[in-house]
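Heads up, the thing below is written out as structure tokens.
Protein chains get the first letters and strands the later ones, always in sequence-line order, with residue 1 at the start of each.
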Amino acid sequence: MEILGPEEVCAKWNIKEVSQVVDILGLMGDAVDNIPGIAGVGEKTAAKLLAQYGTLENVLADADNIKGALGEKVRKGREDAILSKKLATIITNVPVEFHEEDFRIKEWNKEKLKEVFSALEFKTIGKRLLGDDFAPAAVVAPVGVQTDLFGNIIEPEPAKTTISKTTSAVSSEETESVFAGKNIQNTPHQYEAVVGDIALNSLVTVLKSSKEICLDTETTGIDANTAELVGLSFSIKPAVAYYVPCPANREETLAILAYFSPLFNDASITWVGQNLKYDMLVLKWYGVELAGNLFDTMLAHYVIEPDGKRSMDALAEKYLGYVPVAIEELIGKKGKSQGTMRDVELDKIKDYAAEDADIALQLKHVFAPMLAELEVEKVFNEVENPLVKVLMEMEYEGIRVDEAFLHEYSKELELEAKKRKRVFINKPVYASILHLQNNWEKFLFDKLKLDPSAKKTKTGQYQTGEDVLLKLAARGIGIVDDILTFRELTKLKSTYVDALPVLINPKTNRVHTTYGQAVAVTGRLASNNPNLQNIPVRTDRGREIRKAFIPRDKDHILISADYSQIELRIVAAISGDQNMCDAFKRGTDIHTATAARVYNVEESEVTKEMRYKAKSVNFGIIYGQGAFGLADNLGITRTEAKEIIDNYKKQFPGIQEYMDTTINFAREHGYVQTLMGRKRWLRDINSANFTVRGFAERNAINSPIQGTAADMIKLAMQKVFAAMRREKMKSRMILQVHDELVFDALRSEVNELRPLILENMQTAMPLPNDVPVIAECGEGENWLQAH
DNA sequence: CCGCCCACGC
DNA sequence: GACGTACGTGGGCGGA
């Protein structure tokens with residue numbers, strides 16, 4: 001987007017006229033009023049219009065037409081305006097000087113803005129306003145309690161102290177160099193390539209002198225299960241690192257790795273690294289396992305700042321004020337033409353790889369004290385760090401997929417989808433909506449005028465989500481059914497049935513998901529390539545896909561073990577609500593028990609309808625849902641929904657109390673936490689903005705619940721894994737789906753394994769108030785049966 | 001290439 | 001009167 005500077009706009013047009021056009025057309029009114037230095041879409045468009053129409057009057061006369069033609073731009077402009085306004089709030093709280101007489105800034109106080117933008121990590125807008133001059137500063141102070149960004153009234157006192165604190169962390173002489181960024185060129189370092197018998201031996205001797213070794217691998221790809229080792233780097237003290245290249249020849253690489261086996265096998269060594277799961281998995285394919293302890297800097301940062309950016313580049317920049325060598329300098333930009341590390345000349349890859357190990361070690365020394373200060377050592381040491389090896393083994397194992405079955409099913413889905421499509425074709429009136437989803441939408445809403453009040457999305461498109469369409473179907477619009485079914489079929493086919501076989505690893509004939517251990521802000525795992533945490537289960541057609549997940553051979557069987565109602569049990573336990581705790585202790589169905597209380601009947605008198613509604617309320621409680629949402633969800637009136645909720649709160653007073661105390665805790669401390677001390681920072685909890693604060697409040701309620709459940713299953717995974725090792729079992733834990741664990745179990749071990757799993761899951765993390773934790777399991781010839 | 005919408009899971 | 005249920009991943013689309 002080309003930006004016309006304020007002076008340019010001003011030089012051509014009377015600023016008042018521009019402002020008026022901007023205002024009347026709903027462009028960037030706020031921006032003009034509050035932050036006149038930023039001339040964006042609004043002013044530019046306004047200036048153009050004035051040029052085109054000649055006079056202000058002409059523009060205004062044609063305002064309606066212009067508005068229509070602008071469409072998107074108007075909306076985007078408004079968004080910009082909101083952002084600008086908030087920036088103005090922030091900026092004017094620091095002494096940025098601007099000329100009062102014409103209400104615009106002719107010369108920005110660049111240093112001040114640099115401070116503000118870098119403190120707030122406004123990289124993009126920083127560059128936009130300050131040009132390439134702008135580089136973010138290193139932040140040494142702990143995060144999480146920093147300034148609010150959006151929608152918040154920033155009280156002058158704290159805002160000033162936060163900003164000055166951030167900047168005072170670097171002295172004024174350093175400021176220049178920090179902004180320019182430390183890098184490999186201007187920072188003393190000693191990076192060495194280590195090749196040949198003598199050098200390798202002496203490297204091992206050097207490394208042996210330390211109980212803490214930073215390790216990083218360079219490979220040919222991002223999939224650890226197929227990537228080849230290209231080199232290893234090590235560091236045991238800042239600014240010094242070694243790079244050991246590994247040839248494409250596997251035997252030769254194995255011989256090089258053998259030099260390091262005294263280190264790999266030494267249980268007293270702590271291996272430091274960023275995302276060690278990846279490196280360990282690569283090494284596992286070369287038969288190397290690390291016997292020692294781990295310190296994963298990515299996970300350390302995850303518990304320090306769960307919602308922060310975690311790439312090496314981001315961490316190096318933020319915590320070390322250092323800009324690492326860009327990988328693109330070695331292998332080119334992302335895309336099909338990108339090369340591999342294998343082809344990079346030694347001198348270049350040496351610097352890049354050694355630097356990575358050096359940085360990771362330096363990050364460790366920054367993070368270790370932060371873990372203690374922020375009191376997140378426990379969740380790091382007991383939950384996250386020890387889980388790395390477990391997840392690595394699960395990823396290594398993978399799961400077998402029945403490719404032939406999927407192939408057949410794909411054809412079936414295709415046929416069925418075609419049939420549905422033919423339904424439209426055969427009805428001439430539908431012929432115009434063949435191709436695109438959007439055509440359906442236009443057809444449904446515009447031509448048939450089915451619903452003149454149809455909701456639009458914020459980008460001006462009609463909403464055609466399932467719930468919207470179902471409401472149409474209820475009005476007897478037959479085509480809606482066909483559309484929904486068509487969508488289901490194509491979704492299943494493209495996302496699962498056709499996608500899964502492509503991801504089968506040719507080496508193992510299995511699919512190996514990758515778990516994201518530092519992704520979800522609440523502490524949950526994430527799964528990708530493929531995502532095995534969202535395999536369909538709700539509809540018959542979808543559920544069918546689970547049949548494709550099968551045990552490794554005829555001697556094995558799949559076991560699935562899952563926690564029963566874990567999140568509600570956690571709600572009961574941490575709120576201490578007497579009635580809900582009692583219900584769980586009695587062991588009755590929790591939704592029936594809830595219904596009995598809410599409707600004031602005996603549990604034996606609870607109807608399906610009542611239980612269904614109670615279930616929905618229980619679910620809503622976990623997410624902080626209100627009467628509107630419940631009503632919408634259940635298709636009842638808001639009055640009825642409110643009645644149910646009021647009754648619920650009366651019957652379970654401890655839960656209302658939990659919500660209030662949690663939100664108050666968050667307001668006071670700026671974070672909420674799980675039973676294991678995992679924190680989630682809620683910068684918006686005191687926002688003056690209703691919506692923004694509402695989000696933070698729901699997060700305050702939900703995060704300790706969801707996060708505690710995540711803590712629990714992560715502990716259980718470690719316990720189950722350790723117990724299976726202890727018993728020298730051949731069965732393997734292969735999947736985690738938030739409250740479920742899946743095992744590829746040797747049939748002869750099943751009777752021993754079943755209680756081992758359940759016992760460890762149930763005792764992994766006892767809940768307060770004696771709320772029982774129950775896990776259940778099933779087994780079968782595929783994942784569907786096992787469920 | 002990226003943002004949006006939709007749809008799948010817990 | 002706002003806004004209206006948490007956390008994710010991925011495919012398809014449309015516009016820059």
Side-chain angles (χ1 to χ4, degrees), chain A residues 1 71-72 75-76 79 151 306-307 333-335 435-441 455-469 483-484 487-500 503 513-516 519-539 541-543 545-546 562-563 565-568 571 616-633 638 641 672 680 688-707 709-710 713 735-740 787:
Chain A
M1 186 194 308
E72 272 313 83
R75 195 187 57 79
K76 288 248 157 80
E79 278 176 13
D307 56 351
K333 287 228 184 259
K334 264 201 274 188
H435 308 293
L436 298 173
Q437 212 161 285
N438 234 14
N439 284 356
W440 295 344
E441 290 152 21
K455 278 189 209 160
K456 291 197 177 186
T457 65
K458 57 183 170 179
T459 47
Q461 303 211 344
Y462 285 115
Q463 279 183 11
T464 64
E466 189 176 1
D467 49 341
V468 177
L469 259 48
I483 290 172
L484 286 173
R487 272 194 191 171
E488 185 195 358
L489 295 164
T490 50
K491 163 82 178 175
L492 292 177
K493 187 169 181 292
S494 66
T495 309
Y496 304 102
V497 179
D498 290 347
L500 277 168
L503 291 163
T513 188
T514 301
Y515 288 103
V519 179
V521 279
T522 51
R524 274 189 178 186
L525 293 179
S527 157
N528 62 34
N529 285 305
N531 182 354
L532 296 182
Q533 292 181 322
N534 75 342
I535 302 301
V537 75
R538 210 177 37 132
T539 65
R541 284 194 192 91
R543 208 164 21 240
I545 294 168
R546 297 202 166 217
D562 66 312
Y563 282 114
Q565 302 294 348
I566 191 58
E567 292 197 342
L568 270 184
V571 171
S616 192
V617 185
N618 277 332
F619 198 61
I621 292 299
I622 295 173
Y623 301 143
Q625 186 187 46
F628 185 98
L630 183 68
D632 193 53
N633 197 4
R638 223 180 302 179
V672 289
R680 175 164 184 188
N689 181 311
F690 176 90
T691 312
V692 172
R693 191 178 65 249
F695 265 105
E697 287 173 353
R698 289 192 293 279
N699 288 335
I701 293 167
N702 173 262
S703 291
I705 301 167
Q706 195 179 107
I713 196 166
L735 299 179
Q736 190 254 39
V737 192
H738 308 308
D739 65 353
E740 175 191 6
H787 221 266

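- The side chain of Arg638(A) has dG4(C) as its nearest neighbour among dG4(C), dG8(C), dG11(C).
- When the P atom of dG4(C) is taken as reference, atom CD of Glu697(A) falls 13 Å away, rounded to whole Å.
- Contact annotation: Asn699(A) reaches the phosphate of dC7(C) (side-chain N/O to OP1 or OP2, under 4.0 Å).
- Under 4.0 angstrom from either OP1 or OP2 of dC7(C) there lies at least one side-chain N or O belonging to Arg680(A).
- A 4.5 Å side-chain heavy-atom check between Leu532(A) and Leu500(A) finds at least one atom pair inside the cut-off.
- Proximity note for Val519(A) (side chain, C-beta onward) versus dT9(C), dC8(B), dC10(B): the nearest is dT9(C).
- Of the residues in residues 523-532 of chain A, Arg524(A), Ala526(A), Ser527(A), Asn528(A), Asn529(A), Asn531(A) come within less than 4.0 Å of DNA chain C through at least one heavy atom, sorted by number.
- Considering only side-chain atoms of Thr691(A), the nucleotide from dC10(B), dA7(B), dC3(C) that sits closest is dC3(C).
- When heavy atoms are screened at a 4.0 angstrom cut-off, Phe695(A) is found touching the sugar-phosphate backbone but no base atom.
- Straight-line distance from the CD atom of Gln706(A) to the C1' atom of dC7(C): 4 Å, rounded to whole Å.
- Counting to the nearest Å, the P atom of dC8(B) and the NE2 atom of His738(A) are 16 Å from each other.
- Across dC3(C), dA6(C), dG12(C), the shortest atom-to-atom separation from the side chain of Asn702(A) is found for dA6(C).
- Listed pair Arg698(A) / dT5(C) fails the phosphate criterion, with no side-chain N or O lying under 4.0 Å from OP1 or OP2.
- The same atom, C1', is picked in dG1(C) and in dA7(B); the two are 32 Å apart, to the nearest Å.
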Tell me, with the steps shown, if Asn531(A) and Thr513(A) meet side-chain contact (heavy atoms from CB on, under 4.5 Å). CA-CA 7 Å; Asn531(A) 182 354; Thr513(A) 188; over 6 Å; no

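- Base engagement by Gly629(A) is indicated by at least one non-hydrogen atom pair under 4.0 Å involving a base atom.
- Look at the P atom in both dC5(B) and dC3(C): the space between them is 15 Å, to the nearest Å.
- Set against dA7(B), dC7(C), dG9(B), the side chain of Arg487(A) has dA7(B) as its closest nucleotide.
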Using the side-chain contact (heavy atoms from CB on, under 4.5 Å) rule, take Asn618(A) and Gln565(A) through it: C-alpha gap first, then chi angles, then the decisive distance, then the call. CA-CA 10 Å; Asn618(A) 277 332; Gln565(A) 302 294 348; over 6 Å; no

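- Separating the P atom of dC10(B) from that of dG4(C) is a span of 25 Å, rounded to the nearest Å.
- In this structure, Phe628(A) atom CZ and dA2(C) atom P are separated by 10 Å, rounded to whole Å.
- Across the strands present, dA2(C) finds no partner; the criterion is a Watson-Crick or G-U wobble pair with both atom distances under 3.5 angstrom.
- Atoms CD and OH, on Gln533(A) and Tyr515(A) in that order, are 6.0 Å from each other to the nearest 0.5 Å.
- Side-chain proximity of Asp739(A) to the nucleotides dC10(B), dT5(C), dG10(C) is greatest for dC10(B).
- Here the side chains of Arg680(A) and Thr522(A) are in contact, with some heavy-atom distance below 4.5 Å.
- With hydrogens and angles ignored, the 3.5 Å screen pairs a side-chain donor or acceptor of Thr490(A) with a backbone N or O of Arg487(A).
- A straight line from CZ of Phe619(A) to C1' of dA6(C) spans 8 Å, rounded to a whole angstrom.
- Remark: Ile535(A) CD1 to Thr495(A) OG1 distance equals 10.0 Å, nearest 0.5 Å.
- No donor-acceptor pair closer than 3.5 Å links the side chain of Arg698(A) to the backbone N or O of Gln625(A).
- When distances run from any side-chain atom of Pro536(A) to the nucleotides dA2(C), dC7(C), dG9(B), the shortest one goes to dG9(B).
- Base pairing analysis places dC1(B) opposite dG15(C); the two distances defining the Watson-Crick or G-U wobble pair are each below 3.5 Å.
- No engagement by Ile622(A) is indicated, since no non-hydrogen atom pair under 4.0 Å with the nucleic acid exists.
- Going from atom CZ of Phe690(A) over to atom CD of Glu697(A) covers 8.5 Å, rounded to the nearest 0.5 Å.
- Checked against dC3(C), dG10(C), dG9(B), the side chain of Lys491(A) finds its nearest nucleotide in dG10(C).
- When rounded to the nearest whole Å, the span between CD1 of Ile701(A) and P of dC7(C) equals 12 Å.
- Summarising the geometry, the separation between CD1 on Ile713(A) and C1' on dC7(C) is reported as 15 Å, rounded to the nearest angstrom.
- In this structure, Asn534(A) reaches the bases: a heavy-atom distance under 4.0 Å links it to at least one base atom across the strands shown.
- We find that CD of Gln736(A) is positioned 13 Å from C1' of dC7(C), with the value rounded to whole Å.
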